[in-house]
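Encoded as structure tokens, the structure appears first; notes follow it.
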Amino acid sequence: MTVFIVALRREIKIIVRQAGDASLVIMFFVVISVLFPLGIGSKIDLLAQVAPTVIWVAALLSVLLSLEHMFSRDFEDGSLEQLALSPQPLIVVVLAKLASHWLTSGLPLMVTAPVIAILYNLPNASLQVLILSMALGTPALSLIGGLGAALTLGTRRGGLLLSFLVLPFVLPVLIFGSAASNAAINGLSAETPLLLLGAILAVTIAIVPVITTAAIRQALD
Amino acid sequence: MTVFIVALRREIKIIVRQAGDASLVIMFFVVISVLFPLGIGSKIDLLAQVAPTVIWVAALLSVLLSLEHMFSRDFEDGSLEQLALSPQPLIVVVLAKLASHWLTSGLPLMVTAPVIAILYNLPNASLQVLILSMALGTPALSLIGGLGAALTLGTRRGGLLLSFLVLPFVLPVLIFGSAASNAAINGLSAETPLLLLGAILAVTIAIVPVITTAAIRQALD
Amino acid sequence: MDFVGSNLACVRGNLEIFSGLSFSLELGEVLMLTGSNGSGKTSLLRLMAGLSRPTKGVILWQGRSISADPEEHFGQMTYVGHSDALKPYLTAFENLALWTAIRKPACTKDQLVKALDTFGLKSVMGKPAGYLSAGQRRRAALARLVSVDATLWLLDEPTIGLDDHACSYLFDAIHNHRKKGGMTVIATNVALPLRETQTLDLGAYISGITQ
Amino acid sequence: MDFVGSNLACVRGNLEIFSGLSFSLELGEVLMLTGSNGSGKTSLLRLMAGLSRPTKGVILWQGRSISADPEEHFGQMTYVGHSDALKPYLTAFENLALWTAIRKPACTKDQLVKALDTFGLKSVMGKPAGYLSAGQRRRAALARLVSVDATLWLLDEPTIGLDDHACSYLFDAIHNHRKKGGMTVIATNVALPLRETQTLDLGAYISGITQ
Amino acid sequence: MFHFLANPVRFKRAADLVIPWAQWLCGITLLIGFYFALYLSPPDYQQGETVRIMYIHVPCAWMALFLYFSMASLSAIGLIWHHPLAHLSAQAAAPIGACFTILCLATGSLWGKPMWGTWWVWDARLTSVLVLLLLYLGVIVLFKAFDDPTRGEKSAAILAIFGVINLPIIKFSVDWWNTLHQPASVIKVGGPAIHSSMMTPLFLVAAGFTLFSVCMIVLRIRALLIARQIRSLLIQNPNLN
Ligand code: HEM
Ligand SMILES: Nc1ncnc2c1ncn2[C@@H]1O[C@H](COP(=O)(O)OP(=O)(O)OP(=O)(O)O)[C@@H](O)[C@H]1O
Ligand SMILES: Nc1ncnc2c1ncn2[C@@H]1O[C@H](COP(=O)(O)OP(=O)(O)OP(=O)(O)O)[C@@H](O)[C@H]1O
Ligand SMILES: [Mg+2]
Ligand SMILES: [Mg+2]
């Protein structure tokens with residue numbers, strides 16, 4: 001556990017010193033959310049209908065873009081090698097990286113999403129569900145995305161390849177996430193989609209870190 | 001001119017050997033376009049109304065994501081230094097890079113967009129306008145994006161920062177691009193937005209490459 | 001026989017680089033890996049570190065295969081590879097502190113400063129690593145060796161980019177390490193002024209079989 | 001006086017690294033830049049290349065400032081820096097071909113192969129550069145020197161990672177270059193067996209003033 | 001003059017001289033301005049008391065635009081004439097401009113709820129101001145994204161100059177597109193078209209905000225200069241850490 005905390009502090013220090021990752025994720029999220037209303041024009045009713053989807057797609061993209069360097073910088077400069085040679089199990093380091101990624105992307109998104117929802121004129125009652133669905137969905141995004149980042153290590157194709165590989169796997173998160181908000185907007189119960197999101201999260205937490213660790217070991221071989 | 005062609009061939013060779021950039025851009029574009037119907041569900045009329053926006057946003061994101069490595073790989077491995085030390089004016093190399101970027105991202109998108117439009121049930125009459133608006137809009141995206149890529153050289157913050165900086169400047173392309181298609185769908189004349197897109201393109205061609213070149217020189221200093 | 005490899009073979013891509021290679025190292029010994037460019041020095045060092053696995057043969061650490069309990073092996077060993085593994089936006093000091101944190105949480109600030117000072121970096125340890133010159137970065141990577149206690153040092157061309165002062169700091173460090181019973185493996189292309197060393201010429205094991 | 005710098009000063013960040021430095025080089029001469037790690041060898045070489053500009057002083061090429069017509073200066077010069085500037089997914093041959101294409105479009109395939117052969121790379125020239133060993137990559141970078149004709153060679157620690165064979169290829173190349181009237185500037189931390197060279201010790205010009 | 005002030009010590013002395021005066025002047029102007037705005041000026045016959053939001057909203061909007069223009073001009077000066085202080089002043093101005101933009105957006109939204117029945121609409125005026133905020137943030141982030149501040153300065157300066165095209169878009173968005181937002185009535189061709197009981201407080205508050213910005217910018221430049229000094233001290237004697 002202490003090792004995990006040490007490793008987590010390392011990651012967060014690196015991210016913060018790289019000049020504010022978290023703030024960038026939020027800003028990117030806001031910009032993406034702005035794109036749609038601009039394209040659609042000011043048809044307010046239309047906007048409110050697509051709002052949950054737009055917010056989820058924007059969140060997805062923000063997380064995806066911040067994924068690219070989860071392992072690749074460390075891989076290129078030799079730090080990943082050094083981490084893999086540490087006397088601690090590599091999975092602890094991987095978990096720390098995943099956690100720090102969520103803390104600096106998913107968590108800030110969760111906090112920003114309601115603000116965007118207000119700009120899109122979503123009813124206040126649906127905000128709670130939005131936040132809850134993000135709380136369940138974004139960790140899953142970080143986990144699945146981390147696996148993608150590990151699998152594409154050394155490909156030098158960057159974010160495009162990674163996003164393309166990861167997107168199909170995070171579709172369920174998108175679908176249930178927007179379904180939850182849509183239900184809440186229309187006054188229905190959002191329980192089922194939220195439960196499904198929770199199930200996805202549970203499954204990914206259980207299996208993804210192990211595979212990610214293995215993927216990293218073999219990328220270093 | 002021959003120098004330009006030599007430089008262009010260099011870039012395209014590098015991009016192609018890096019494992020099919022063009023195909024990745026298309027695939028990413030398709031995946032993003034598919035996200036929306038999945039989130040929104042099967043409300044076909046709603047979908048048709050947001051389709052031009054979705055297509056343009058997807059195109060924008062695909063271009064943005066492929067921008068990141070326009071200069072940064074060359075910067076990191078020392079090739080950019082070597083290019084800057086070539087006896088040819090650096091702007092020729094920059095123009096070649098911009099052109100190759102468009103050829104491997106904007107152009108394939110232009111070809112794919114109508115297919116997506118058909119999937120979204122857009123009227124056939126509007127496809128021409130869509131292609132035309134893409135032909136005018138995507139080169140501007142490559143140009144403006146290239147400047148962003150040059151300005152962020154050496155930041156190690158990758159695609160997120162770049163996209164965030166570039167997006168506000170490409171909003172007009174998005175606005176007029178979707179306005180053109182929206183007009184065509186509703187049977188109106190798309191001339192004004194297309195003219196405006198053309199004007200944006202003309203202005204960017206005239207000034208952006210020079211500034212990009214200067215930005216690269218100072219990044220190497 | 002504390003660190004032994006027997007009958008090792010290594011394949012990269014579809015090329016067998018070397019085969020039938022054996023080595024053995026006892027406490028306090030230094031092994032130099034020599035051989036022309038591309039003969040497989042780096043590849044062998046990575047096998048020894050446990051970063052990759054030999055296609056044939058085994059590597060034993062005190063009689064046990066290093067792949068049996070890799071974490072234990074990692075704990076005994078410090079590896080300094082071709083790349084310096086420094087984050088450019090962190091200072092030399094911070095880089096070392098982060099590195100030691102995972103291996104030896106109790107490392108104090110003074111110990112870190114002393115390690116950096118061993119390689120003459122005291123005056124620049126507050127600079128971001130990205131500002132340092134190539135040789136200074138190499139020194140910062142090597143300072144890892146003296147910041148934690150490890151029995152086995154694996155060094156891949158450690159003198160690259162170092163000036164004469166830095167080289168002598170390194171040789172002193174290796175000398176002290178030997179005296180304390182440490183083992184050292186050095187892959188190098190240049191002759192180093194270390195005495196009483198074993199030498200393993202990789203040129204003798206080149207296999208070159210394509211599979 | 002064909003390549004002259006007078007009273008140069010160089011600032012990085014807010015630190016003046018050296019000042020009051022002058023050099024002059026004539027056809028056929030070799031200038032060695034020495035000095036401890038961080039003394040500014042690389043920085044000076046980049047000034048000479050025209051990659052950055054001195055904060056004080058001028059650098060003249062045949063009497064004209066190199067910043068007056070940089071493209072002409074670049075055409076006379078080949079610079080091999082710390083990084084090898086190789087694309088890992090292109091072969092050694094393709095890398096060289098792409099590099100020469102921009103400088104000398106008429107370069108034939110035979111010339112390229114010959115250049116690679118000068119550095120003993122003929123057998124691996126079809127391998128992607130990413131698969132090459134560190135020394136092989138360095139050789140591939142140095143092969144640039146002999147693939148096009150340039151009067152001025154600027155080399156930043158060229159012998160890093162090279163084995164003895166490769167070093168002697170390099171020294172032969174420099175020797176031939178001199179005989180043809182070429183000039184060479186070499187930043188190095190190790191003594192090189194080249195005779196009749198000028199030496200500029202950067203240690204004598206360290207300024208260390210913060211601005 | 002500028003070169004003279006680029007020395008941190010001299011700048012600090014000059015700043016110490018200027019700031020107290022500017023502070024007092026700023027405080028007094030704002031006090032009088034708010035007194036006019038909140039007590040003396042009449043409530044609107046349609047909007048009632050909500051009209052008083054205007055006395056914050058409009059000066060904030062002006063400051064947001066004005067500070068962006070100043071920042072871009074300073075950036076241009078820095079790029080062209082290499083004035084050591086120019087980039088620094090631009091960097092000092094950026095966060096203050098961003099704050100005024102946020103205030104403009106916030107007060108606009110607060111005003112929009114009673115007037116238009118919604119916090120936000122996606123019309124040209126509102127969106128272009130949001131884009132202004134993004135530009136401010138971009139300049140700030142880009143500057144910070146580099147290890148080497150001299151690199152960050154230049155890149156951020158180019159970005160800032162490019163962003164100037166957004167200013168006319170904001171200004172004329174109400175004329176070019178039909179929007180909910182009302183068109184210019186103060187700063188427009190043919191002179192102002194509102195009553196002086198509203199003009200006086202508007203201009204007083206605007207003057208107060210300008211003085212406030214000047215104070216803040218000078219303070220921030222001083223802080224940035226000191227931070228730079230600390231940085232190089234730390235680099236030289238890491239033991240101070
Ligand atoms: C978030 C929403 C809003 C934003 C971003 C915004 C932005 C701006 C900007 C940038 C200006 C300065 C224009 C110039 O200098 O020409 C301005 C002026 C003004 N705004 Fe807003 N505004 C918003 C909401 C509102 C609302 C709800 C009202 C009231 C109905 C309002 C009334 C005014 C008035 C009266 C002016 C002065 C126009 C003049 O006389 O020049 N604004 N606003
Ligand atoms: N941005 C910066 N701020 C402060 N100091 C810097 C900056 N960039 C470089 N330096 C310093 O400038 C000096 C010059 O480095 P340079 O790379 O020229 O040295 P060198 O002689 O090539 O050293 P080496 O032998 O290690 O290659 C170093 O001491 C480095 O710490
Ligand atoms: N994927 C691969 N496919 C084919 N050959 C490979 C591959 N990877 C490495 N090689 C070859 O393996 C050999 C071993 O390289 P290694 O880096 O171990 O050599 P080295 O002795 O460290 O050389 P140097 O002195 O240059 O550092 C090289 O000849 C290289 O070309
Ligand atoms: Mg090696
Ligand atoms: Mg150097």
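All values below were derived from every heavy atom in this structure, side-chain atoms included, with hydrogens, water molecules and symmetry-related copies excluded. Residue numbering restarts at 1 for every chain, and letters A, B, ... go by the order of the sequence lines.
- Proximity to chain A is absent for every atom of Ser181(B), based on heavy atoms less than 4.5 angstrom apart.
- With a 4.5 Å cut-off on non-hydrogen atoms, Leu64(B) does not touch chain A at all.
- Close approach to chain A, defined as a heavy atom under 4.5 Å from one of its heavy atoms, is seen in Leu161(B), Ser163(B), Phe164(B), Leu167(B), Leu171(B), Leu174(B), Ile175(B), Ser178(B) of residues 161-178 of chain B, taken by number.
- Of all residues in residues 137-146 of chain A, none places a non-hydrogen atom less than 4.5 angstrom from a non-hydrogen atom of chain B.
- Atom CG of Asn124(B) has 12 or fewer neighbouring heavy atoms from other residues, nucleotides or ligands inside a 6.0 Å radius.
- The CD atom of Glu76(A) lies 6.0 Å from the CD atom of Glu76(B); values are rounded to the nearest 0.5 Å.
- In terms of heavy atoms, Leu160(B) sits closest to Ser66(A) at CD2-CB, 3.9 Å.
- Considering only heavy-atom pairs separated by less than 4.5 Å from chain B, the leading option among Val54(A), Val57(A), Thr53(A) is Thr53(A).
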